[in-house]
K.L.:
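Before I ask anything, here is the structure I am working with.
As the structure is a computational prediction, the values presented were derived from the model and not from experiment. Counting starts at 1 for both ligands and their atoms, in listed order.
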Amino acid sequence: MNKFILAVSFIIFCSGAVVTAQSNKQILINTKNVSMVLTVGTNNRVYQSYLGKRFLNDEETRLIPQGKHEAYVAGGMEDLLQPAIRLTHSDNNPSLELKYVSHTTRNPDDNVSETNIILQDPKYPVQVILHYQAFNKEDVIKSWAEIKNNEKGEITLEDYASSMLHLEAKDYWLTQFHGDWASEMKMQESKLTSGVKEIDSKLGTRADMYQTPVFFLALNKPTDETTGELIAGTLAWTGNFKFHFEIDERNALRVISGVNSYASAYKLKKGQIFTTPAFIFTYSANGKGQASRNLHKWARNYGVLDGNKPRLTLLNNWEATHVNFDEKELVNLFDDATKLGTDLFLLDDGWFGNKYPRNNDKAGLGDWQENKAKLPNGIGYLVKQAEAKGLKFGIWLEPEMVNPKSELYEQHPDWILKLPNREENYQRNQLVLDLTNPKVADYVYSIVDDMLTKNPGLAYIKWDCNRSMTNAWSSYLKDRQSALYVDYTLSLYKILDKLRQKYPHLPIMLCSGGGGRTDYGALKYFTEFWPSDDTDPLERVYIQWGYSNFFPALTISSHVTSWGKQSIKFKTDVAMMDKLGYDIKVSKMTEEELQFSKQAVKNYNRLSNIIWFGDLYRIISPYEENRMVTMYVNDERSKAVLFNYNLNTRYKEVFNRVRLQGLDGHKLYKVQETNLMPGTKSNLSENGHTFSGNYLMTMGLNLTPGKLMPLTSMVIELNAEN
Ligand code: DGJ
């Protein structure tokens, strides 16, 4: 028997399936290390035959049997588990059959390949196009669907997933990230059992407050940072989402990702196309760390606005003043920013509203005119004053919202989402504007555009969104109420699209009462996001660890504030692992703290290229030990920076040496502790010495020399010798 036949019979034996794939048409979606194989069956349905590590020899994918899992199951036919798509035709027939028509693959550039597969119902003129964009270097696949109604009448989409994936493993371990205000991104891993598990949001706006649209799915056994097979997935959608995991009677798992169809049946008129948001995923055979690095690279290259460009360090006034400030106080605070050496001053909430001044969170939202008492000379004056001190100036906005105590509410009651015959329901004393109404969308656009037109020097915006969507009824949508959740998000994107056409590179922070909006649907318009209002650095260690699994460091805004009783060094070291900023009364700092902070900003400016654009290696998880260790390594592996945080460590707790990762074994690196308090010396016995990458990755460093102290930290630079 030759090798080829041997291989075929092995597959027959293992899968128990009939090998027909060789004779059928295969569609290969490949990245450097990942392969997805789809097969057109003899019945003309499309099957997912394989998803995992790419074969050494692509020819061997020909041996892969077709399998029995349809790539995009349509509801109402013989498959009785959750479908990817379910719709009702104009004649009320609730079934859909999708058969292969054709497919194309093109390569817009060296790194990206795009495969489009056209499917069509043989009896009804409904078409679905499955899109797969494969990013070679990043090992990321982006998939979405287009659904087109060519029927004479209206069809109703009941379910309309972006992606359906099938996996066959002994066991499945799901890691989800959940939380609440000020406790975002708590990581939780559980074994999936037979039947259904769903992670979803029905919050409309601030959609990710309880669950973030990201997951890891480990195959066979739980993974760690460096070992094990897993899928990491995320939905690029800033509204209600749903991940559906279902283990069938034969222990196969289907993963369906997309918009949450809850209360969202979507009608399509003749000729109308619905495009789902994208599901973005990667596969790693080497644990979570590799999956995160793949996503980070993809995000920087394709997913985040200006992902390969530097970010601004800033001083924000929210924690320091809340809404209680005036022009004079702000101008004084500019001096704090210059003292620290940050690039920008960010004026937060509280600067607007005249008839209903924004002196607390009960009034003023919607009235985006400078409050005359606080800012008699307007924003323009502040921009100039900041510029005179060598600072850029940015401003906070919450353009989608309104307080009932506002002129906007009085003038346009019909612009607000409210249920008929019901009391208004408030969160933070505010209501959501009806973005589905084009007039309202224009108004929201004009708030931002006017602000930037009047003040061309404005260099930064913080775009907030502080409530979720109760009162979910739009007077504009009339009998199309179930389109509200989807159309709201689509309209938000249209506004952002228009803004980005005019202001392509303005840095904008995505904020939603903390981390209520953290998704790649929005991030293509934003340069960074606010992960949490909880800035206690001990909490932030966990929160930032959580986000680091899916989002690159330069997107995770991380500020030194007065939350928490830890030292300024600990606070700063935590903020420095991501995008550093400040939100603290600098005048309350001791001379020593100020000196330290000034030097820290300088250090950050030196190290930020490694942190923002390097590869992240999470070495010790705070979920596993009473400490956290991570490091970033630049592309050339010539520079690295390591962060070590001792958490609530106990008396005489023993920590082992830490083996570094990601270095070049053959290079020699000088180890240098940085960010030390003035007048203190490093305890690290290796400090100032040079070691090979191999030694550092094999023997490692003792990161707890001397007495182990809770809530202490260390930042270590590694520089390769030329
Ligand atoms: C919620 C944000 O998360 C805070 O940072 C701050 O901007 C407040 N909103 C202002 O109202």
K.L.:
May I ask you to decide whether Glu198 forms a salt bridge with Lys242, counting only side-chain N to carboxylate O separations under 4.0 Å?
P.N.:
yes
K.L.:
Is the closest heavy-atom distance from Arg428 to ligand 1 below 4.0 Å?
P.N.:
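Yes; Arg428 lies near enough to ligand 1 that a heavy-atom distance drops under 4.0 Å.
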K.L.:
Going by atom types only, do Asp464 and Trp396 share a side-chain donor-acceptor pair under 3.5 Å?
P.N.:
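Yes, Trp396 and Asp464 have a side-chain donor paired with an acceptor closer than 3.5 Å.
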K.L.:
Which is it for Asn316 and ligand 1 at heavy atoms under 4.0 Å: side chain, backbone, both or neither?
P.N.:
neither
K.L.:
For ligand 1, which atoms sit closer than 4.0 Å to a heavy atom of Asp348?
P.N.:
6 (C), 7 (O), 10 (C)
K.L.:
Between Arg517 and Glu400, is there a side-chain N and carboxylate O pair less than 4.0 Å apart?
P.N.:
yes
K.L.:
Regarding atom 3 (O) of ligand 1: of the candidates Leu346, Asp349, Asp533, which has the closest heavy atom?
P.N.:
Asp533
K.L.:
Check each atom of ligand 1 against the heavy atoms of Gly514 and keep those under 4.0 Å away; list them by number with element.
P.N.:
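Atoms satisfying the 4.0 Å criterion: 3 (O).
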K.L.:
Compare Leu397, Asp464, Asp583, Asn317 and give the one whose heavy atom is closest to atom 1 (C) of ligand 1.
P.N.:
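Selected option, by shortest heavy-atom distance: Asp464.
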K.L.:
Check ligand 1 against Cys511 and write out every atom of the ligand that is under 4.0 Å from a heavy-atom position of the residue.
P.N.:
2 (C), 3 (O)
K.L.:
Contact between Lys462 and ligand 1, counting heavy atoms under 4.0 Å?
P.N.:
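The answer is yes, since Lys462 has a heavy atom less than 4.0 Å from ligand 1.
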K.L.:
Would you say the side-chain atoms of Gln430 and Glu398 include a donor-acceptor pair closer than 3.5 Å?
P.N.:
yes
K.L.:
Indicate yes or no: does Lys392 engage Glu387 in a salt bridge with an N to O separation below 4.0 Å.
P.N.:
no
K.L.:
Does the ring of Trp530 carry Arg540 above it, NZ/CZ under 6.0 angstrom from centre and within 45° of its axis?
P.N.:
yes
